[in-house]
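So that the names make sense, note that chain A is the first sequence line, chain B the second, and so on, each numbered from 1.
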Amino acid sequence: MFVNYVDDDRRSSPINLAAARLVIGVWVVWKTVWYDWERHVDTPYRATAGASYEWAIPTAAPWLLTVETWALLGLVALFVVGYRLRLIGLATAFLLAHLGTVRSTLVNSGESGSLFLGAFILLFLTLYADYDVLSVDGVRRTADHSVESLVAQLQSGTDRHYRMPGLKYPLLMLAILFFSTGASKVVRGGGLGFVAPDNLPRLVFVRSYVYPWHDLQLLLVDHPLIGVLGGIGTLVIELGFLVAVVSGVGFVLMLVGLVVFTLSNALVLGIFFVDNLFFFALFAAFDRGYARLARDRELDLVFDQHCQFCVRSLYPFKLLDIAGTVTFYPQSDAPAAYEGRAAVEFSRAMYVFDDDDAYEGYDAFRELLRQNRLFDPLVWSMGLPPVRAAGHRLYRYVAANRGRQFSCGTADAD
Amino acid sequence: MIGLPVSRVPVVFGGVVELLRPYSSFILPAVFLGFFVAAAVAIGFYGRWRVRHAFVTCFFVALLLFNFVVPMAPLPFMSWGHFAEPTTETETYFEFRLVDESGREVKMDSRLTIEFDTISTGSLRRSMRTEYGDEKNEAISRYLLSQASVYRSQVGEQPLHERVRYPSHSMTSVWTPELLEAYDSFIGIRIYNMTFVTSGDGTDLVRYEEAVVYEAFPDGRQPAGDPPSAMPTRSMNRTVLDASSGNQTAGVGA
């Protein structure tokens with residue numbers, strides 16, 4: 001369910017890093033797009049929660065903050081697809097942290113603190129961007145490889161490992177922060193004051209008057225034992241998470257416990273650390289879910305092994321084929337039975353063969369995507385007549401001009 | 001630091017923080033920018049593993065320092081300590097209330113502070129009581145009343161962009177159209193100090209007191225009645241009509 005990257009940061013597929021970029025990107029966009037920054041500046045109570053950081057507010061031109069937000073959203077889109085990750089990731093983290101600083105001048109709760117956590121996560125993913133292969137940068141880097149080595153990669157098995165330190169350090173950071181909040185409860189609570197039978201029931205009881213909401217929380221008041229168990233559970237989870245992360249024992253249990261803890265906080269205290277749910281999601285085993293969605297049909301793919309552009313185009317599909325259901329054949333090694341088929345012309349396009357069915361060019365790409373149910377919506381939309389017609393035309397144009405405009409070495413090889 | 005008892009370490013760092021406080025206007029921006037310059041260097045020299053390793057090591061050393069040793073964390077670092085202090089039999093809270101023409105009070109929905117967004121009202125209340133002068137406090141009160149008027153007109157409306165909005169950090173103390181039906185126009189702001197004295201097991205209210213620590217009626221109009229008598233209520237409506245006498249008092253219990 002979840003992956004302990006501190007225990008072992010290697011995975012057999014690079015999918016989790018790409019998924020993490022998507023998760024953090026969605027979170028940044030959803031969280032920041034609502035902020036009305038000019039109102040943050042144009043109030044008589046500006047910087048009441050953080051006067052020390054008033055320097056971060058462009059008071060003369062508050063519209064700059066709005067521009068900054070839209071720039072951030074644009075950068076996040078590039079970050080999600082993995083384009084120029086080092087530059088984009090650094091800029092995204094900086095802008096997010098700056099907007100977080102402005103936000104913290106009015107809000108000093110975890111709501112603004114999470115913006116800095118997000119910035120750190122972006123920075124770690126950026127710092128180790130060279131390990132992130134299922135990205136635009138990953139495909140761009142294949143330009144530095146020889147055609148022969150790329151063909152060898154396409155034909156290699158699935159027993160590969162991809163390191164993910166970009167997720168290892170955010171996990172360690174979160175574990176340390178949870179440990180610190182658990183430790184502060186012990187230290188400031190004078191030992192076990194936090195789990196004393198009167199503590200949580202009283203907290204909930206008084207808050208029920210101060211922060212009116214619903215009566216469900218009063219269960220904790222009527223049954224103080226729940227409060228004691230909740231307190232013990234909180235300490236065990238907050239302190240134990242770091243131990244689990246470092247030792248590798250009970251990690252999933254602790255992370256599930258943190259999810260439950262986050263939801264129970266919302267239910268009992270009315271404080272929703274929704275950001276934490278996104279941060280926990282970064283460590284979900286997306287690759288396992290992706291593997292479950294994979295179809296098990298075997299495909300044979302025949303490609304032009306002399307064309308670097310063609311080979312590079314297939315590189316992401318090799319990375320996505322984590323079950324090894326696609327066999328990549330250079331034209332020279334293609335099974336003879338395929339070449340003799342009617343309407344099959346290897347010099348014209350790439351082909352995918354599914355037993356008796358042959359798919360050419362654009363349709364071949366569509367069949368590659370069909371290998372996983374995750375892409376079913378995309379496959380469906382690619383099959384719509386206008387999209388399909390445009391796709392065919394585009395493929396034919398690229399195939400006809402790959403030597404001149406798409407860095408293909410076909411002519412030289414010939 | 002060698003030979004210093006561990007328990008003294010935060011105190012020593014606390015002293016250093018106090019010494020540096022006068023220079024915070026230079027130090028805080030420098031820390032913030034310095035952090036990102038260091039990150040840029042580490043990212044730029046990613047091929048040299050020692051540079052990247054040094055940045056990661058320094059990051060975690062700083063994270064540990066600001067969460068376990070130093071009593072404050074300069075941004076972009078932050079420290080976590082949710083509900084670390086255990087509760088005591090006497091608990092004190094403050095809150096903003098809005099007052100209508102009839103003298104009825106409603107707890108302020110903090111989302112009105114930046115229109116469907118919120119600020120830390122605790123910090124605002126502290127600043128109004130201890131830092132700001134009368135003129136600024138009155139300007140803030142006038143602004144809050146204006147915001148309340150705008151916000152009130154939109155409460156209950158759920159346009160699409162509000163429905164897909166990022167979930168609020170705080171889910172309590174929200175105004176509803178039904179709640180607001182009972183109120184005339186808001187003409188004033190009050191800040192209350194509420195004291196709850198609870199039983200030893202924390203499940204009964206032994207005594208409750210509340211006192212107005214600040215009030216402002218910027219337009220000069222005064223409410224019809226005096227502030228209601230002090231009784232606790234679990235309703236946002238901090239004033240309900242006493243059915244037996246017709247006088248307004250606070251609500252009782254839940």
Side-chain angles (χ1 to χ4, degrees), chain A residues 30-31 34-36 39-40 43-45 48-49 52-53 55 86 90 94 97 101 104 106-111 113 116 119 123 126-127 130 169 173 176-177 180-181 183-185 188-189 193-194 196-199 201-203 205-206 208-213 215 221 224 266 270-272 274, chain B residues 24-25 28-29 32 36 39-40 42-43 46 52 55-56 60 63-64 67-68 75-76 78-87 91 93 95 107 114-115 117-120 123-124 127 136 139-140 143 165-173 194 196 198 200-203 232-236 254:
Chain A
W30 196 18
K31 173 129 178 143
W34 305 105
Y35 289 135
D36 188 342
R39 281 186 183 277
H40 281 67
T43 66
Y45 35 77
T48 50
S52 309
Y53 292 96
W55 52 266
R86 287 193 192 90
L90 179 65
F94 178 77
T101 306
S104 71
L106 279 179
V107 178
N108 52 17
S109 69
E111 189 250 79
F116 301 103
L123 274 182
T126 302
L127 193 59
D130 44 329
Y169 294 115
M173 172 185 74
I176 289 173
L177 286 171
S180 78
T181 187
S184 71
K185 286 182 177 76
R188 288 197 231 163
F194 180 75
D198 63 308
N199 185 44
R202 180 183 289 114
L203 179 68
F205 179 67
V206 175
S208 70
Y209 288 106
V210 182
Y211 303 103
W213 195 29
D215 291 340
V221 180
I271 301 172
F272 194 12
V274 62
Chain B
S24 63
S25 58
L28 295 177
F32 185 88
F36 280 97
I43 290 167
Y46 71 95
R52 196 152 59 173
F55 176 78
V56 172
F60 280 103
L63 190 72
L64 290 169
N67 277 278
F68 293 96
L75 296 178
M78 85 298 289
S79 60
W80 281 9
H82 311 304
F83 301 108
E85 304 282 350
T87 54
E91 291 281 307
Y93 285 82
E95 75 175 19
K107 178 179 167 69
I114 320 182
E115 266 184 53
D117 205 344
T118 187
I119 67 164
S120 294
S123 304
L124 175 60
S127 298
K136 180 151 186 179
I140 289 172
Y143 184 80
R165 194 186 181 95
Y166 193 79
S168 176
H169 186 63
S170 170
M171 302 165 79
T172 65
S173 313
M194 305 183 296
F196 297 83
T198 52
D201 65 358
T203 60
T233 174
R234 289 196 176 106
S235 166
M236 288 288 283

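- Ranked by non-hydrogen atom pairs under 4.5 Å with chain B, the options A:L127, A:V221, A:I176 are led by A:L127.
- Contact of B:Y93 with chain A is made through the side chain alone, with heavy-atom distances under 4.5 Å.
- In this structure, the side chains of B:E95 and A:Y211 stay at 4.5 Å or more apart for every pair of heavy atoms.
- Contact of A:D130 with chain B is made through the side chain alone, with heavy-atom distances under 4.5 Å.
- Between the CD1 atom in B:I140 and the OG1 atom in A:T43 there is a gap of 8.0 Å [rounded to 0.5 Å].
- For B:S170, the parts sitting under 4.5 Å from any heavy atom of chain A are the backbone and the side chain alike.
- For A:A196, no part sits under 4.5 Å from any heavy atom of chain B, backbone or side chain.
- Evaluation of the side chain to side chain contact (heavy atoms under 4.5 Å, CB included) rule for A:A119 yields A:A93, A:L96, A:A97 as partners, not counting sequence neighbours.
- For a residue to count as touching a neighbouring chain, one of its non-hydrogen atoms must lie under 4.5 Å from one of that chain's; by this rule B:M236 touches chain A with backbone and side chain alike.
- B:E91 is linked by a salt bridge (charged side-chain N to carboxylate O under 4.0 Å, His left out) to nothing, counting only residues two or more places apart in sequence or in another chain.
- Distance alone, capped at 3.5 Å, is enough to place a donor-acceptor pair between the A:Y53 side chain and the B:L75 backbone.
- Counting heavy-atom pairs under 4.5 Å between each of A:V274, A:V210, A:N108 and chain B puts A:V210 at the top.
- Side-chain atoms of A:R202 come within 3.5 Å of backbone atoms of B:G200 as a donor-acceptor pair (strictly under, hydrogens ignored).
- Note that OG of B:S24 is 11.0 Å distant from CH2 of A:W55, once rounded to the nearest 0.5 Å.
- Of the listed residues (B:P76, B:A40, B:S127), the one with the most heavy-atom contacts under 4.5 Å to chain A is B:P76.
- Across B:R52, B:M78, B:K107, the residue that shares the most heavy-atom pairs under 4.5 angstrom with chain A is B:R52.
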